[in-house]
Structure formats: C-alpha cells, structure tokens
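In what follows, residues are counted from 1 in the order of the sequence shown. Atom set for the values below is all heavy atoms of this structure, side chains included, hydrogens, waters and symmetry mates excluded.
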Amino acid sequence: MDKNLPKNYDPKDFEERLYQEWQDNGCFKSEINKDKESFTIVMPPPNITGQLHMGHALDDTLQDILIRWKRMDGFEALWIPGTDHASIATEVKVVNRIKEETGKSKYEVGREEFLRRAWEWKDEFGGKIVNQVKKLGASCDWDKERFTMDEGCNKAVTKFFIKLYEEGHIYRGNRIINWCPDCKTTLSDAEVEHEDQEGSFWHIKYPIKDSDEFLEIATTRPETMLGDTGIAVHPEDERYTHLVGKTAILPLVGRELIIVADEYVDKEFGTGAVKMTPAHDPNDFEVGKRHNLEEINVMNDDATMNELAGKYQGMDRYECRKEIVKDLDEAGYLIKIKKHDHAVGTCYRCHTVIEPRLSLQWFVDMQELAKPAIKVLKDGELGFVPEKFDKTYLQWLENIRDWCISRQLWWGHQIPAYYCQECGEVIVAETSPQKCPKCGCSDIKQDEDVLDTWFSSGLWPFETLGWPEKTEELDYYYPTSVLVTGYDIIFFWIVRMVFSAMFCMNEKPFSHVLVHGLVRDSQGRKMSKSLGNGIDPLEVIDQYGADALRFTLATGNSPGNDMRFYTERVEFARNFNNKLWNASRFVFMNLEDDSLLENLTREAVEENFTLADKWIISRANKIVEEVGINMEKFELGMALQKAYDFTWSEYCDWYIEMVKPRLYGEDREAKRAALYTLTYVLENVLKLLHPFIPFITEEIYSYLPTVEGYIIRAEYPHYKEEDNMEVEEEKMNLIMDGIRNIRNVRAEMNVPPSKKAKTILVPSAEKLAAMEDGKDYFKSLASASDVEIKENTEGIPEDAVSVVIEGVEIFIPLDELVDFEKEKERLNKEKKKALSEIKRVEGKLNNPGFVNKAPEKLVEEEKAKKEKYEEMLKSIEERLAKFQ
C-alpha cells in the first residue's frame, strides 16, 4: 500500500469500495452484548414505491450520524432498516401495470392474481430505494432489514388487532369517514391534506312550515343539501329561539327538517343557522346523534349522485352542484352567492377532493388509548427535540377522534375478521374458523378490506425486534433510543407508535424524538414534482460525493427548522473535504521515514513539545468536549460546525504552518514532537468528523501509520484533563492576535508576504513570557526578519507602523516595510491618475449641455465619481506627505 494519499481528492475512488468493505467486515452488525448499553434506532421505513429524495437523505444522514457516534462511543448500536408496503401508492402502481399489460381491472383479474403481481412488483422495485440509501453511507444492520408485510410483521399486526378488539378498543360501525372518490378508499384524518381553494358561500332560503318566515342558510357544498335532515341553531341565539322545535322545508325536495338547538353552532359565524347533513359531514354527524336526526347518504363511492338524489341521480358532484344552484335560483330559493376561499381536504396521494360520507368501517376507539401516550410525555419519559413539538403532539392526542383503520384495498394486511354468511356473526381470529360459533354454518368469508398502512407501521419499534414473541432482542434493544423524523408526520406516525407501544409493551417506544424540518429549494419553496424544483440526492452524490451531501445537510440543519438547499453549499462542503485531504497528505508526506515513527508516544516526545504543540492539543481537547456536549443535545449541525471551524482554521491554517520550520529543520526530536502532535490531533479530528463525513475520514484514517483497523470501530474521543493547557492557549491566542494584526497592516499597505521587516514588541510584564515564546512564530507567520522585545517605546522610529493588542504594542519601522523611492513613484502615478479623472468629471459637470440634458441619475453618478476621486487624491497626498 502507498504511504500517502493520491494527489487529488476524488470520492469516486473510494466511497463505493469502503461501503462494501464495511459490509463485508460486519462493521454495521449488532449483537446482544450485556456488557454494553444498547443504542437503537429504527429507520422510518420508506415506501417501496419510493425514490430517494432530499427528505430521505436528511433523515437518514441524521440517523447515521447518531448511530456512528454511539457505535464509536462504546454502545451496542443497532440501526434497523426497513421498507413500508404503502397500501395506496403500491396498489395504484400495480393496478396501472395490470391495465397496461392486460387491459383488465384488478377486479377482473381477481384478488389472488392481483396479490401475486403486487408481490412481484415489490420484489422488482422494493429494493431500489434500499440501494439508494446505501449510497449515502447508511450503516444499518442490513441482516435485520424488515418489511411491513413480512411474516413477522403480519403476525404482529394480527395479534395487535385481536388484542385491541378483545379489550373493546376496536369496533365496526357506520360513521363519517374521509373518502377518496379516485382511490375509492377511506383515509384517516392525517392522510387528508388541506389545500386553499377558491369557493363560494351559497345563501339559500329554507321556508318555515306553515309560516311566512324562512331561515337563511349558507353552504359551500349545495349538492349535499339533498341529504339534509335537520337545521341547528345556538340555544342562546335570540333570533331563532322561537323556531326551535318547529320544522323547515328543504328546498327542491320538500323534506321536513326539524330545527334543533345545539351549542356546536357558532352564532357569530355566517347566518347562525346551519343545515345538518349527518351522512356527509363529521360535525353534523355528531349533532345528528345527539338529536336523533336521520342519516341520508346521497352519493356513490365515485362521488356521483345515487338514487336518493332524485332527478340528480348519476350526476358528478360538481355537475350536480351547478344544476342545484340553477334550480334554486329559478325557484326563488337562492338569496345570494358570496365568494369564500377556504381550505379543502384532499387525498394525500392523488390530491382528489375528499368526500366526507357515512360508511360502515372498522374503527379504533382512541379515548382510552390516548391517555397513556399523553402521560408518558408529561412524565418526562418521552421527549421531543426541540421541545416545542410537545404541544403539537399533545394537541393532537387531547383532541383525537376515533381512527378509521379499514381501507378498501387489496394490498396490505387483510383485516382478521370473518363473517358468517348465514347469520351475520362477526368472528375476529388469527385464522379462518371452520364453522360459525353461533349457528354452526361453514360458509364463512374474511373481510375483504385491508388495514391502514399506519396501523402496521405503528408497531415498527417493537415488531422489528420480534414482538409478539418475547425475544432476547426485544428484551435488550427495547425501548429504542431515538426516533428521527420530520415534523410533517408527527400525527401520522409518532402518535400511533407511542399509543401502540404503551398498549402492547406498557412502555414507551423510544426516549427521544429528534424532529427535523423540510429541505426546501434555494428560494424557500417546498420541493415538488409540480414545481419541478426537486433536487436528486443521487445526482449530488455522483457529482460531489456522499460526504459533501451529508456535510451540507448536517450543517444546514437545526432541530425542528426547515433548511434551504444551495448547490454553493455543497461546493463549500467539497472544498472542506479537499482541504482535509490535502492537509492529511502533507502530514503523511512527513511520515515517510519509518524511523521517525519508532516509539512515537506522548511520553517519548512530551519534553520537546513547543507552545504550538501544547496549544493545538489543548484546543483539540476543548473541541472534543464541546462537540460531545452538542451531540448529547442532538445539536448535530452545531457539533459539525465546531469540528469544521477547528479543523480548517486552527489545525490546517495555523498549526500546520507553525510546524513547517521544525519539519524542514535538522532537529530530529523537534520533528518527532511535531509529528506526534500532527498525528494525534489529526486522529481526533477524523474521529470527530467520521459520523458526519464517514467515507473521507475512513480513507484518510487507513493511511495514518499511528493507528490500526477501521475508524468506524475506533473509540470516540473524550475530554482529557491532561490535555487541558489553559496558560498555553492564552499565550498562543495573544500571539495569533498579533500575527493577524500585522498581516492586516501589511495587506493594507500592499506589502507582499515575501518582504521581511523587523518587528518590535513592547509587552506589559504579564505578557512578556508569551511574547518571548512567540518570537519564532512572528518570524515564520508574520514575515518578521527579526523580533526585538523592548521594555518601552524609547528609540522606536516615529514613522514606525504600530499595532496594539491586549497588553502588547507592536511596531514595524516603515522604512523596513516600504521602498520609499518606489512607493513615492507609485503614489505620484496614482496622484496623476486621480487628478486626470477629477478634471474629466469636472469638465462634464461644468458643461450645461450635459447637466441639463442628461438623466438626473447619470448626473448624480458623475458627482459621486468626483467625490470618490477627490477622496482618493486626499489619501494619496497624505501618504506622500509622510515621505517628505
């Protein structure tokens, strides 16, 4: 093996190779080890229909950072990967493929053939996103990969359903559900996305029976009035108290509607009178139950009107809306139409407007199940990072509705409920009963619906470890440690995992939830297909490497906040990697003499440590401490920023420059002390950076002659008291401050670095030792030809350039910095140029033709130029005066 890194940093040379090496050598595997504390993360399972997007890339990067850190820190770290069957999304894909290949619907090919093709599709495409996740460097234990419909998960889901049913938390009933007319399935509240749309309030006259009075009712969905069975007003609304108990007549239909008083009505909103359509609105449904209102469903499952809609039967809901409005207007019932923009519920998959409708479905009664999930947060056993999401979680749970879990699909966990075709008995069981326990009939059919995808993925933290069996893995790794996820699925998933875990395990599923934001484009817009602003992480990896992408995502992230993705930031990350690579090459170049490495230990070289060595070791120690604190708080972006700042500025830009004279000198022991320090600090730097940029750190580490094995298995650095050297840090900080100021002055005077000049230091008594120690650094880093330390300013030339830092005055004789004759010649040329420009501008401004005819903006620009050149001339003349 070559002793040094290749000249050019190219991630394509080693990223794929290293990932394969890690896998081949079992670096990601985790085994039960009672001598170690476990640290477990379950990967939020991406859909098998999915393609890796920036949200996945961020999520997986943050998880991998935590896993790699804890693995190095002595924990038995397990990251369980997996994929989700994604009922709706996958079924759509399979249905479309069947139609393309056979021209048939899923019903025409039948359930058995459909499922065969669905599993075929999963085998063909299910692993695609897994391979993409691997390109990021995800160090999952792939031997433990799970799928939400594998045999173990199916067993867990069945057990969960039966346990809930037997304990009275699951029921089957007619309730209002969210219905997607396109996917033709129910959706949970969390699967409904609300989109702002233009709409209207149609104000309609509802006559009061046997009276000249009428109620003015405003609705955004006139087509549902065909299912009206009542009208509600607030019991304290004095406008309508005399009408409570009377009946109104439904326009166009003639149905009598009872007028009821209910506190649900907001008397300040609209007209204060609300039509009740219990079969088409969840709030109306609840009011209807309280007042025994009839439930009339006037729509089919494709959102066309059914036979109960009378003359409108067969019309699409929006076509029906137009016809009803037209008929109301013609019959004199339409009072007015008022524009009203409002949030409309749409299907999260196909974005069709959902239709609330009455339907016979399976539900989970959430009232009792929510209580332990609330308690575990309030007791501090579960914590969100950042804490602000506690409120989001509690608000959802404290106002939770019963959860509709049945889906009118074939791909998914089929509901373990069986129906006797003779007497209608419902049997919930793990397997199909041979005969009905009630009537003995053997004609029994299983419910055709499947369970909501989230019903199964809610068990993810414990079903992946073997539940419902009492496995050793479950005992050792559960509860898991951290869940990393976006804030957009707190309702979808986190809530369900917590209440499911409390019900099944009587224990929280994880200790912390690290919530990250969304990755937005450079303009702050959400990435989407419709906008065409999505950035493919695989393309970024191909161009810049996985480390650069990971660095970008980690530094741009703070818990709970969205981040903007800029290509410039990826280039910046690649530049840092390049800097680290070149600095490491420099170190290795000086390690090629094997004799220098013999007994290269702290004890052997410590007596030859210089101030710079002690300073960088102490600073590295502080950074190790600070990064560790940030990591414990899940401040991953801040941790990386500190490691980055130290590496680039203090290690590369300062320390490496400080040690060059010793490396190139003849003092062998001085060189060994420098090499020990270079390698010791580089080793710690690589370990701190490894969780964030694993590939480049592993590749560099493999060339470091002072270590063995893989960095992924190395021990994570911790603060060491013996590395804490405050005095040396203070001294070096003062010296560096002086060097920085000298460099600034030289830059302002256009003095090239090659031009050496004497430097005179006048320190206070407290700073004398630091300046004595700093002489060599001023020579090598501040272009000092000689460094003199004086007790006072006596004898220092009056024209010397001076710099003041804490407790020290620094002087550089001007004649040492500048060749007076050359500088005077240069300044006279600048003066001549400035005078020429002033004359030219004055000529324009003194010309009435220009001033009167030119645009005002142009005239002002010329005036500004004159001021600029006059200022330049003044500065040049002041400089010339100093040379007289």
Would you confirm whether [X], through its side chain, and [Y], through its main-chain N or O, come within 3.5 Å as a donor-acceptor pair?
X      : Y      : answer
Arg255 : Leu226 : yes
Tyr393 : Ala373 : yes
Thr304 : Asn300 : no
Arg172 : Val426 : no
Asp562 : Leu518 : yes
Arg221 : His280 : yes
Asn399 : Gln395 : yes
Asn96  : Val92  : yes

Measuring from atom [atom1] of [X] to atom [atom2] of [Y], what distance do you get when rounded to the nearest 0.5 angstrom?
X      : Y      : atom1 : atom2 : answer
Leu394 : Leu377 : CG    : CG    : 5.0 Å
Asp316 : Glu323 : CG    : CD    : 12.0 Å
His85  : Asn47  : NE2   : CG    : 9.5 Å
Ile354 : Thr352 : CD1   : OG1   : 10.5 Å
Phe269 : His234 : CZ    : NE2   : 15.0 Å
Asp452 : Cys404 : CG    : SG    : 8.0 Å

A side-chain contact here means heavy atoms from C-beta on lying under 4.5 Å apart; do [X] and [Y] qualify?
X      : Y      : result
Asp449 : Gln361 : yes
Asp402 : Gln367 : yes
Trp202 : Leu334 : yes
Trp403 : Leu369 : no
Tyr206 : Asp228 : yes
Asp447 : Gln414 : no
Lys339 : Ser200 : yes
Glu101 : Arg117 : yes

Handout entry: Residue pair Lys336, Glu216: steps toward the side-chain contact (heavy atoms from CB on, under 4.5 Å) verdict
Key = CA-CA 10 Å; Lys336 62 182 176 182; Glu216 184 177 334; 3.7 Å; yes

Practice task
Report, as yes or no, whether the 6.0 Å neighbourhood of atom NZ on Lys388 holds more than 12 heavy atoms from other residues, nucleotides or ligands.
Solution key: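 Yes, the 6.0 Å shell around NZ holds more than 12 heavy atoms from other groups.
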
Exercise for the section: For atom CD of Glu330, decide whether the heavy atoms of other residues, nucleotides or ligands shown that lie under 6.0 angstrom number more than 12. Expected result: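 Buried by this count: over 12 neighbours within 6.0 Å.
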
Problem - Glu223 vs Met299, side-chain contact (heavy atoms from CB on, under 4.5 Å): CA-CA, chis, key distance, verdict - result: CA-CA 10 Å; Glu223 66 278 10; Met299 282 191 204; 3.9 Å; yes

Where is the tightest heavy-atom contact between [X] and [Y], given as atom of each residue plus distance?
X      : Y      : result
Leu243 : Ile259 : O-CB, 3.6 Å
Met497 : Leu483 : CE-CD2, 3.5 Å
Gln446 : Ile415 : NE2-O, 2.9 Å
Trp493 : Pro45  : CZ2-CD, 3.8 Å
Pro278 : Leu293 : CG-CB, 4.1 Å
Pro235 : Thr241 : O-CG2, 3.7 Å

So [X] and [Y], would you call those rings parallel, tilted or perpendicular, with 30° and 60° as cut-offs?
X      : Y      : answer
Tyr487 : Phe389 : parallel
His203 : Phe201 : perpendicular
Phe160 : Phe455 : tilted

Practice task
Applying salt bridge (Lys or Arg N to Asp or Glu O under 4.0 Å), run through Lys371 and Glu368 and close with a yes or a no.
Solution key: CA-CA 6 Å; Lys371 290 175 183 176; Glu368 291 303 312; 2.9 Å; yes

Practice task
May I ask you to check whether Thr453 and Ser87 show a side-chain donor-acceptor distance below 3.5 Å?
Solution key: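 The criterion, which ignores hydrogens and geometry beyond distance, is satisfied for Ser87 and Thr453.
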
Handout entry: Exercise: do Thr346 and Glu195 side chains pair donor with acceptor under 3.5 Å
Key =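 Side chains of Thr346 and Glu195: pair found under 3.5 Å.
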
Check: [X] ring centroid to [Y] ring centroid under 6.0 Å:
X      : Y      : result
Tyr107 : Trp410 : yes
His413 : Phe161 : no
Phe214 : Tyr333 : no

I'd like to know if [X] and [Y] make a salt bridge, using a cut-off of under 4.0 Å between side-chain N and carboxylate O.
X      : Y      : value
Lys289 : Glu295 : yes
Lys526 : Glu193 : no
Glu263 : Arg290 : no

Exercise for the section: Would you please test Tyr312 and Leu252 for side-chain contact (heavy atoms from CB on, under 4.5 Å) and show each step? Expected result: CA-CA 11 Å; Tyr312 306 102; Leu252 305 181; 3.6 Å; yes

Exercise for the section: May I have the step-by-step check of side-chain contact (heavy atoms from CB on, under 4.5 Å) for Glu91 and Val94, ending in yes or no? Expected result: CA-CA 5 Å; Glu91 182 143 332; Val94 177; 5.8 Å; no

Handout entry: Steps toward salt bridge (Lys or Arg N to Asp or Glu O under 4.0 Å) verdict (Lys378, Glu398)
Key = CA-CA 12 Å; Lys378 289 187 174 179; Glu398 288 169 350; 3.5 Å; yes

Enumerate donor-acceptor pairs with a distance under 3.5 Å from any side-chain N or O in residues 179-186 to protein atoms, sequence neighbours excluded.
unit_1	atom_1	unit_2	atom_2	d
Trp179	NE1	Asp301	O	2.6
Thr185	OG1	Gln408	N	2.9
Thr186	OG1	Ser406	O	2.3
Thr186	OG1	Arg407	NH1	2.9

Exercise for the section: Kindly determine whether Thr277 and Asp281 satisfy side chain to side chain donor-acceptor pair (under 3.5 Å), including the steps that lead there. Expected result: CA-CA 6 Å; Thr277 321; Asp281 183 279; over 6 Å; no

Problem - Among Lys322, Arg321, Lys311, the one residue meeting salt bridge (charged side-chain N to carboxylate O under 4.0 Å, His left out) with Asp327 - result: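 Of Lys322, Arg321, Lys311, salt bridge (charged side-chain N to carboxylate O under 4.0 Å, His left out) with Asp327 is met by Lys311 alone.
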
